[in-house]
Novice: 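Here's a structure for you.
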Amino acid sequence: MKRFANLKRLGFFTRLLDEAPPAERYRFAAEQIVCAEKAGLDSAWIAQHHFHEREGGLPSPFAFLGYVAARTSRIRLGTGIVTLPLESAVRVAEDAAVLDLLCNGRFELGVGTGGNPSAFAAFGLDSAQRNEIFARNLDVVRAALAGKPLAGGDTLYPVRPQLCDRIWQATFSVAGGARAGKAGDGLLLSRTQPRAKEAPRATLAEIQNPVIDAYLEALPPSCEPRIMASRSVFVADDRREAMRLADIGLRRALPQFLKGGHAAPGETLKEMIAAFDTHVGAADDVIASLRTDATLERVTDLVFQVHSVDAPHPHILRSIELVADKVAPALGWTRTAPDVALAV
């Protein structure tokens, strides 16, 4: 019975993709995070996306997390990610500092280079320069949070140097893993990513273990590793119901999946589940499936999301409960606070 010895924390992740108008999407996501806290999860993460409704429903992560912070009391709140090249670095630092104060130090700042080329154009930027802009902006964010003088001599208010130890970098690449490690930041690994043409059937472990290797090699000895893997997980009480909902969700998500550079899967549900790197079924099915993912033997944080199944809201709430009650404990996670008094 494989248990992941390094697993310390369990989280929930959402890109706010519920089939609903924007206001209802935000309400659903907030309720899901409240449910995650009540179930004893350690963290909740949200993604930022500009313009593209089918990719993500939230352009303003700090505003949303401020709302969620007022409805929760214990669960850590993270961005997975802020698209840093499209943001004012000083404003990111300011918003992060204020949010961290409002939620009593529960904020985790995840950043990345992501975003569609069209989104960069809308912001008057060149997508080809995203890596350079990201590196420059991250330096400014780090300096601002630490209270160092910025261009012109001003310093951040409120200053929040503690957040420098809670920065995470998302990456698909070995070079990105080394960059995050060298900085002493956390490493964010995706739930799925396109395969190289020469290895179209490579597993996530085969793609992501070299990234982890580079991260650990570059990490200063004084820094404790923080390695988070996001995974697509949907659990139902009944396996047939889980598969029925997976069939609906994955077929609905297929056009966007192909647009993201992934190879076309076969026609069967089994082939689509494999192509989407999805773990779906009753609790025992999902436990067995996750145990085949060798990457998870090395992570400190496992964060699960229901995308791209994207089941109706009540099913997502139940899936959160089943992951916390049955799936994660079988993998080595220990609930630290099963009963919490929620803030009102």
Side-chain angles (χ1 to χ4, degrees), residues 11-18 22-34 36-37 43-53 55-115 119-120 122-123 125 133-134 136-147 150 154-170 185-186 188 228 230 303 305 343:
F12 171 72
F13 183 103
T14 180
R15 292 188 289 144
L16 294 86
L17 291 175
D18 296 270
E24 199 166 11
R25 280 189 175 191
Y26 301 154
R27 179 174 66 82
F28 284 162
E31 289 178 0
Q32 289 158 15
I33 293 172
V34 169
E37 177 171 88
S43 66
W45 299 73
I46 53 95
Q48 176 189 46
H49 284 90
H50 295 285
F51 310 122
H52 302 278
E53 178 184 351
E55 289 188 23
L58 183 68
S60 304
F62 295 107
F64 176 78
L65 287 180
Y67 169 71
V68 172
R71 299 191 60 192
T72 56
S73 61
R74 179 195 57 81
I75 196 167
R76 304 199 66 77
L77 304 172
T79 52
I81 55 162
V82 172
T83 308
L84 196 54
L86 300 182
E87 302 295 323
S88 161
V90 174
R91 288 292 298 119
V92 168
E94 289 177 330
D95 283 345
V98 171
L99 175 59
D100 195 49
L101 285 166
L102 289 174
C103 70
N104 296 318
R106 290 187 283 139
F107 181 55
E108 305 281 335
L109 178 58
V111 295
T113 63
F120 278 78
F123 281 85
L125 299 170
I133 300 171
F134 172 83
R136 184 167 63 248
N137 282 0
L138 184 53
D139 285 344
V140 173
V141 168
R142 211 184 300 274
L145 290 172
L150 303 170
D154 285 328
T155 56
L156 197 71
Y157 179 83
V159 69
R160 198 64 174 165
Q162 302 95 317
L163 266 174
C164 292
D165 296 326
R166 286 184 258 134
I167 295 174
W168 301 71
Q169 295 190 40
D185 294 336
L188 296 176
M228 177 184 294
S230 176
V303 174
Q305 50 185 296

Novice: If you compare all heavy atoms of A36 against all heavy atoms of F12, which two are closest, and at what distance to 0.1 Å?
Specialist: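 In terms of heavy atoms, the two residues are closest at CB-CB, 4.1 Å.
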Novice: Enter the distance from I167:CD1 to L109:CG here, rounded to the nearest 0.5 Å.
Specialist: 5.5 Å
Novice: Between P59 and Q48, what is the shortest heavy-atom contact and its length?
Specialist: O-NE2, 3.0 Å
Novice: Please identify each residue that fulfils side chain to side chain contact (heavy atoms under 4.5 Å, CB included) with E55, with sequence neighbours left out.
Specialist: H49, H52, N116, Q256
Novice: Taking salt bridge (Lys or Arg N to Asp or Glu O under 4.0 Å) as the test, write out the residues that go with D95, two or more places apart.
Specialist: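 Checked D95 against salt bridge (Lys or Arg N to Asp or Glu O under 4.0 Å); matches are R91.
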Novice: Holding to ring-ring contact (aromatic ring centres under 6.0 Å, His included), I want the full list of residues that pass it with F64, two or more places apart in sequence or in another chain.
Specialist: none
Novice: S230: what forms a side-chain hydrogen bond (donor to acceptor under 3.5 Å, both in side chains) with it, not counting sequence neighbours?
Specialist: Q305
Novice: Using salt bridge (Lys or Arg N to Asp or Glu O under 4.0 Å) as the criterion, list what pairs up with R136, not counting sequence neighbours.
Specialist: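 In terms of salt bridge (Lys or Arg N to Asp or Glu O under 4.0 Å), with neighbours along the sequence ignored, R136 is linked to no residue.
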Novice: Going by the rule side chain to side chain contact (heavy atoms under 4.5 Å, CB included), which residues pair with V98 if we only count those two or more places apart in sequence or in a different chain?
Specialist: L102, P158
Novice: Ignoring hydrogens, what is the shortest heavy-atom contact between L17 and E53? Give both atom names and the distance.
Specialist: CD2-O, 3.6 Å
Novice: Any chance you could measure L77, atom CG, to T72, atom OG1, to the nearest 0.5 Å?
Specialist: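 If I round to the nearest 0.5 Å, the distance is 5.0 Å.
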Novice: Check whether T79 reaches the backbone of G110 with its side chain - one donor and one acceptor, N or O, closer than 3.5 Å.
Specialist: yes
Novice: Less than 4.5 Å apart, any side-chain heavy atom of L138 and any of Q169?
Specialist: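 Result yes, sub-4.5 Å side-chain heavy-atom pair found.
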Novice: Return the set of residues passing salt bridge (Lys or Arg N to Asp or Glu O under 4.0 Å) with D100 (not counting sequence neighbours), or none when no residue passes.
Specialist: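 Scan of D100 (salt bridge (Lys or Arg N to Asp or Glu O under 4.0 Å), adjacent residues dropped) gives R160, R166.
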Novice: Rounded to the nearest 0.5 Å, what's the gap from CD on E37 to OG on S43? Could you check?
Specialist: 11.5 Å
Novice: Go through it in stages, so that I can follow the logic: the residues are E87 and V141, the test is side-chain contact (heavy atoms from CB on, under 4.5 Å), and I'd like the CA-CA distance, side-chain angles, deciding distance and then a yes or no.
Specialist: CA-CA 11 Å; E87 302 295 323; V141 168; over 6 Å; no
Novice: Counting only N and O atoms by type, is there a donor-acceptor contact under 3.5 Å from the side chain of N137 to the main-chain atoms of L84?
Specialist: yes
Novice: A144: what forms a side chain to side chain contact (heavy atoms under 4.5 Å, CB included) with it, not counting sequence neighbours?
Specialist: A93, L150, L156
Novice: How long is the gap from CG on L16 to CZ on F28, to the nearest 0.5 Å?
Specialist: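 CZ of F28 is found 11.5 Å from CG of L16.
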Novice: Please report the closest heavy-atom contact between Y67 and A30, naming both atoms and the distance.
Specialist: CE2-CB, 3.7 Å
Novice: Which heavy atom in A44 sits nearest to a heavy atom in I33, and how many Å separate them?
Specialist: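 Heavy atoms of A44 and I33 come nearest at CB-CG2, 3.6 Å.
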Novice: Can you list every ring pair (Phe, Tyr, Trp, His ring centres under 6.0 Å) pair that touches residues 89-111, not counting sequence neighbours?
Specialist: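 Residue pairs with at least one partner in residues 89-111: F62-F107.
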Novice: Roughly how far, to the nearest 0.5 Å, is CD of E94 from CG of L99?
Specialist: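 That separation rounds to 13.5 Å.
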Novice: Name all pairs fulfilling the salt bridge (charged side-chain N to carboxylate O under 4.0 Å, His left out) condition that reach into residues 102-115, sequence neighbours left out, sorted by first residue then second.
Specialist: R76-E108
Novice: Just by modelled atom types, is the A47 backbone N or O under 3.5 Å from a matching donor or acceptor in the R15 side chain?
Specialist: no
Novice: Once ring-ring contact (aromatic ring centres under 6.0 Å, His included) is applied, do any residues pair with F13, and if so which ones, sequence neighbours excluded?
Specialist: none
Novice: Return the CG to CD1 distance between L86 and I133, rounded to the nearest 0.5 Å.
Specialist: 8.0 Å
Novice: Where do W45 and G80 come nearest, in terms of heavy atoms and distance?
Specialist: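 Here W45 and G80 meet closest at CE3-N, 4.1 Å.
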Novice: Listed by chain and number, what are the ring-ring contact (aromatic ring centres under 6.0 Å, His included) partners of Y26, not counting sequence neighbours?
Specialist: none
